[in-house]
Amino acid sequence: MIELPILGQDSAESTEGPILGIDLGTTHSLVAVLQHGAPRVLAEGEGNALIPSVVSYPQDGPPVVGKAALARAGFDPQRTIYSCKRLVGRGMDDLRDELATLPYQLVEADDREMALIDLGDRRITPQEVCGRVLSACRELAASELKLPMEQLTRAVITVPAYFDDAQRQATRRAAKLAGLDVLRMVGEPTAAALAYGLDKSGSSRVAVFDLGGGTFDLSILELQDGVFRVLSTSGDTHLGGDDFDRAIMVNCAAEIQQQSGVDVLSDPGARAALRLISERTKKALSSAEEADFVYHDPDRGVAYRRTIDWRTFQGWVAPLVQRTLDSCSMALQDADLTPEDIHEVVLVGGSTRVPLVKAAVSQFFGRTCHDSLDPDTVVALGAAIQAGVLGGQVQNALLLDVTPLSLGIATAEGTVSKLILRNATIPAMAKEGFTTFVDGQTAVKFTILQGERELAKDCRELGEFVLRGIPPMPAGLPQVGVRFHLDADGVLHVRAKEERSGASAAITVKPKHGLTDEEVETMLADAWENAESDLVTRQVADLHGQLSNVRRAVEKHLEVARKNLGPQELERLEEAYEDASDASDITEPGPLKGILDELETAAHPLAEALMNHVASDAVRNRNVTELIDE
Ligand code: ADP
Ligand code: MG
């Protein structure tokens, strides 16, 4: 840890330094601050601002971060952890796709479903790795700003727009490990738009095209009254500059094999070297018409040299670029827009320097893209501006994001009562009333769900909690208000309160683990595909639920009915009641609805007879949650 004497006059008045803006990237991270009204990325001296998001854990010494860690990747791959952002807040199930490509080992934690990294002699969490990267950002800031570490304890951190609760919470814990309090998490696309000052441009819709090292994200934002909302997101968690490198590597390796008969890719060391040469060649082709690819391995008798021109390179990567455009189409479709509806296009990520990418995106949207800011630093600049907003240095900017999947509660019928809908603007708040199911019930269990499907079993369970201490009352009388609050960081706080007694319970959802964006897409696709059959199933489940509520109420008061109803009324009620009792096998909504309507009508005289009695409440209240016997 570096500590430096306090310089400058600010420090005399305030013990708190500036709020840091941090772009925690998959391959690189950056830190920026707002100084004299302008965002500035911090770099070591005149050097590079990019801190490789890599941590290496030597067997016999303290962990090293950044460039030093990257240098160890070649000879200590199992203890050199990169791409920790892909792992944070995820469970093993989420990471199945990654397992094959990561050179280090992942294992499942004993107690939770979280994935851990196995170094052989010990296990570490992905957030501890991210924490060390964030620590490096904080130390760089301390050294460049000449401030003691204690004064740099607050940060704004950017995350992909699609990060879910678990991923955001894990990122927050990582920051805590680095001694940073996260004042706000901002979506990366929102930060990029802010860096270009598009919040003041007056244009309303912005597409942010972010092609990094290993990930591609396309987000569509809408500006309303100076506020950004994310209209939709799309992308590919395994598409980026690494694939461009691989395209060069594979083509050259094939030629090497043809010429010398050596399969260079079979050797891990050679592959690492070829990857670096490929990346260098790719970068050169961003500003020159041709570049040389040179690889010598005297031990294996390889002496290879090839001049690659930009047309050849374009041919190799064109299918990859096409995939990014396909994602653009999807995001537009999802937001019900066409390319003409987009007013500004922002390029983010190192791979947007590739001329073909720029040209393809411009052509797709039919307009010139914003590319005047360095695409590597634009997100960090936006984070610094947001930090300035929170620190009171910048006014009139408030940033919003959306939730990728709906959030709701399981009902007794096995359906989902959705409180916060997909694509709702974060922060979001919603309330719904529930009541008890049987007389004297003193506790209610709530199961919190995420997903678009109509049935609870098809959605993802985020957590559950029990509201206890409801005074014994007849069924349907307690009024339980459930409040969902999805805060600015995408963390869900749920509170249930019984209004008469004041009994309450709350939970901050501790998701078992996050969802990959493929899973989010699959869940959405499933929801569309099954929308119709789900709807029928849901209707039938709801009708059965209502029917059994009314039946229960009638059953309870059959004695009252026999004493108080006329013979015809009683006969009709008894028949309807019998039909309802026989209805459990019916799976079509039409006939069920008929039986329910008839029972309700037949029960009217009874309800009148029971005036001032709670039965009517029980009949009316249908959103009943699962019963817990205490
Ligand atoms: P991430 O957000 O995933 O951390 P970055 O935005 O830092 O990624 O982008 C890194 C990628 O950009 C790498 O694949 C790198 O090779 C590529 N890149 C950087 N500079 C250039 C360039 N001049 N031309 C082409 N690609 C580049
Ligand atoms: Mg990035």
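All ligand and atom numbering here is 1-based and tracks the order in the structure. Numbering starts at 1 and runs along the sequence shown.
- In Gln363, the CD atom is not crowded: 12 or fewer heavy atoms of neighbouring residues, nucleotides or ligands sit closer than 6.0 Å.
- Within 6.0 Å of atom CD in Gln259, more than 12 heavy atoms from other residues, nucleotides or ligands are found, so the atom counts as buried in its surroundings.
- Phe293 and Tyr304 have perpendicular rings, their planes meeting at more than 60° on a 0 to 90° scale where under 30° would count as parallel.
- A donor-acceptor contact shorter than 3.5 Å is absent between the side chain of Thr80 and the backbone of Pro77.
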Find all protein N or O atoms under 3.5 angstrom from an N or O atom of ligand 1 and list the pairs with distances, or write 'none'.
unit_1, atom_1, unit_2, atom_2, d
ligand 1, 3 (O), Thr27, OG1, 3.3
ligand 1, 3 (O), Gly213, N, 3.1
ligand 1, 4 (O), Thr27, N, 2.9
ligand 1, 4 (O), Thr27, OG1, 2.5
ligand 1, 4 (O), His28, N, 3.1
ligand 1, 6 (O), Gly350, N, 3.0
ligand 1, 7 (O), His28, ND1, 2.9
ligand 1, 8 (O), Thr27, OG1, 3.0
ligand 1, 8 (O), Gly213, N, 3.1
ligand 1, 9 (O), Gly350, N, 3.2
ligand 1, 12 (O), Ser351, N, 3.3
ligand 1, 14 (O), Lys282, NZ, 3.3
ligand 1, 16 (O), Glu279, OE2, 2.5
ligand 1, 16 (O), Lys282, NZ, 2.7
ligand 1, 20 (N), Arg353, NH1, 3.0
ligand 1, 24 (N), Ser286, OG, 2.6

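- Ring geometry for Tyr196 versus His370: interplanar angle of 30 to 60°, hence tilted.
- A distance of 6.0 Å or more separates the ring centres of Phe209 and Phe365.
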